[in-house]
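Predicted model only: the values in this text are computed from it and were never measured. Per chain, numbering begins at 1; letters A, B, ... match sequence-line order.
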Amino acid sequence: MTAASLLRRLMLSVPTLFGVLVINFVLLRVVPGDPIAMMIGPGATPEDIQNLREIYGLDQSIFQQFLFYIRDLFNGNLGISISMRQDVVELIGGRLPVTLELAFVAIVIALVGIVGFGITASMWKGHWPEVLIDAFSGFVQAVPDFLWGLLFILIFGVLWAFMPIFGRMDLTVEFDPATQFYLFESLLRGDFVVFASVLQHIVLPALSLALPLIAVGTRLLKSSIIEAMAQDYVQLARVKGFSHFRIVVSQAFPNALIPTVTLTGVQMTFLIGGTVLVERIFGYPGLGNMAIDAVINRDLPLIQGIVLTFAVMFIVLNILIDMTYAFLNPRLRHD
Amino acid sequence: MTALLNIHNLHLEIQQGTTSLPILRGVSLSLQPGEVLGLVGESSAGKTMIGKATLGILPSQGVITDGEILFDGADITHISVKARRRLLGTDMAMIPQDPMTSLNPVFRIGSQIADVLRLHLGLKSKEADQRVLELLDNVHINRPERVVKLYPHELSGGMRQRILIAIAFACRPRLIIADEPTTALDVTIQRQVLRLIKELQVASGTAILFVTHDLGVVAKICNRVGVIHAGRILELSSARDLFEAPTHPYTQALMAATPRYDRPNSALNPVPEALVSALWDDVRSYDRGERSVDTGNA
């Protein structure tokens, strides 16, 4: 992808983001539920409520509130959380790395699974490995990510309790982090005790998120490889004297990646969305977990901030996927 | 001199479930080293299948039910995958029909020629790259050092066919199966590509089994020609004899059916219906005979 087309993509994401802002802002204000009522106890007087409404600007029209919101947004100000009384930007800044790490590990697990299973199934097409992998991916696809989370907690946390099922790391392990990227930071600092603990905590939630993606991706990759195997260039590779393994891996696979990446890319955005429930289930202190609290508390500035962050993550992920796509497909490189 | 390729009484069927469709009905032919043998026939006459059976790249439903294929005196009809791979690329190569789909779209031209050199001749990257430039020069591609860096979609059909010809000749094979290599090209490019194949064939002494439906192509390039219909070779003779004095009525009808560019207004002469039905009656009685022989054996 050239710099010019990247710039064009970024410009195009501006209206998308604006749309997200508008819908999010309006929806939150028309659905029932009053943030002020959630804030103060049942003994509050109408005057108290009115005062708080004025402090948070909730006494103005939706349109005016929106204008103020946009103005503040351009100053890098997402407001103050109603329930936690902290700056929303700071709150999100503290939680976003946690979710990014989780999503990263989940995507890595998913890619390894997709490539491994996809190639294995197409190598032994019509034999038991393909049948087994097909059955596995069909079953996995039918179960949503949060259910896998619950199942893993039941199996590895209760029946054979050898995996941690709550939080981000052992509280007994001493760690004084400079950033919220515990996994990367501990690795870079060579602190393997912390790294092991963080990794142990991240595996089950990441696996829950990765499994549905693995199922969809494996099926796509397998059928794409099988389709590529019927192409003329594969026949020529056979006549060149290449082994079956080499033809699958070095001839069909690079071509099969192109449709797989496109469609799995869409699934990856579901994975980001999936972090909300999975983080909740595993008590993982990420953005999604905070989002649920924010919704329960009708914390409008925080919800808006989190939704905006998720929207930016989706857009960045989509641009990354498009760049990968252009990298994989030489026919798209010159535009 | 022993024949390079000797196909004897080859029977091939497409089998799907319980039904089977005969494709080749006892094909026999032989090819001397350095010879160009043309196989002409209509679509679905089975000519492509002869090439695929020789290379061992039949579709999974294609089953050889009888007969044998000898390469350099050795039976290769049912050899193992490993033994087959020792032949392919080195002793046998192919010029495919469709240059637009026969190159891998995600790899550069240079690497698609170099890979076969590295695999079979054990060349190092540098030597292989050097050899690739020579091979491209041999197929008359200008500025080969620029072309090796291009992807297939950046080249025309004629250019791609030249690349595929370079790949086929890369390891100096003794036999090349050319499966309608000019069919997908337009007429002006066809001539150039045919001339190129002939030139390389003469220079290298490679034998070519040239599959085509175009009698004009056969006349230009082949030493001998087999006329094939419904999986049977009706006539096999030298190219000159075939054109000057075709003996089989089907060959005569095919010759008469060729449109003449110099007489654009003359009526077309399709193969007479009576001849076609007579041929098919013959094929059907042959198939019945086969079946009765089978039951007799069982």
Problem set entry | Side chain / backbone / both / neither for I258(A) at chain B, heavy atoms under 4.5 Å | side chain
Seminar exercise, completed: Listed by number, the residues in residues 160-178 of chain B that come under 4.5 Å of chain A (heavy atom to heavy atom) are L164(B), I167(B)
Exercise. Pick from D98(B), I57(B), T90(B): which one has the most heavy-atom pairs with chain A under 4.5 Å?
Worked result: I57(B)
Exercise. What distance do R238(A) atom CZ and R85(B) atom CZ have between them, rounded to the nearest 0.5 Å?
Worked result: 11.5 Å
For this session: Report the option among A228(A), A237(A), S250(A) that has the most heavy-atom pairs separated by less than 4.5 Å from atoms of chain B.
Result: S250(A)
Exercise. Does any heavy atom of chain A fall under 4.5 Å from the side chain of M100(B), the backbone, both, or neither of them?
Worked result: neither
Problem set entry | Engaged part of K52(B) at the chain A interface, taking heavy atoms whose separation is under 4.5 Å | side chain
Seminar exercise, completed: Here the pair of heavy atoms bringing F107(B) nearest to P254(A) is CZ-CG, 3.8 Å
For this session: With sequence neighbours left out, write down each residue that passes salt bridge (charged side-chain N to carboxylate O under 4.0 Å, His left out) with D179(B), or none if nothing qualifies.
Result: none
Problem set entry | Residue L55(B) versus chain A: region with a heavy atom under 4.5 Å | side chain
For this session: Please list, in residue-number order, every residue in residues 69-80 of chain B that has a heavy atom less than 4.5 Å from any heavy atom of chain A; write 'none' if there are none.
Result: none
Problem set entry | Closest-packed option against chain A by number of heavy-atom pairs under 4.5 Å, given K82(B), M94(B), R84(B) | M94(B)
For this session: Against chain A, label Q97(B) side chain, backbone, both or neither, depending on which of its atoms sit under 4.5 Å from a heavy atom there.
Result: neither
Seminar exercise, completed: Those residues of residues 114-122 of chain B that come under 4.5 Å of chain A on a heavy-atom basis, listed by number, are D115(B), V116(B), L119(B), H120(B)
For this session: May I ask you to check whether over 12 heavy atoms, not counting those of F104(A), lie within 6.0 Å of atom CZ?
Result: no
Exercise. Which pair of heavy atoms, one from P105(B) and one from N255(A), lies closest together, and at what distance?
Worked result: CG-OD1, 3.1 Å
For this session: Look at atom CD of Q16(B) and say whether more than 12 heavy atoms of other residues, nucleotides or ligands are closer to it than 6.0 Å.
Result: no
For this session: Using the side chain to side chain contact (heavy atoms under 4.5 Å, CB included) rule, take L257(A) and V106(B) through it: C-alpha gap first, then chi angles, then the decisive distance, then the call.
Result: CA-CA 11 Å; L257(A) 267 183; V106(B) 304; over 6 Å; no
For this session: Look at the side chain of N104(B) and the backbone N and O of Q251(A), then say whether any donor-acceptor pair between them is shorter than 3.5 Å.
Result: yes
Exercise. Atom CD1 in I113(B), atom NZ in K240(A): separation rounded to 0.5 Å?
Worked result: 8.0 Å
Seminar exercise, completed: Applying a strict 4.5 Å limit to non-hydrogen atoms, the region of P96(B) in contact with chain A is side chain
Exercise. Should we say atom CD of E227(A) is surrounded by more than 12 heavy atoms from elsewhere, each under 6.0 Å from it?
Worked result: no
Problem set entry | Contact origin within S243(A) toward chain B - heavy atom pairs under 4.5 Å | both
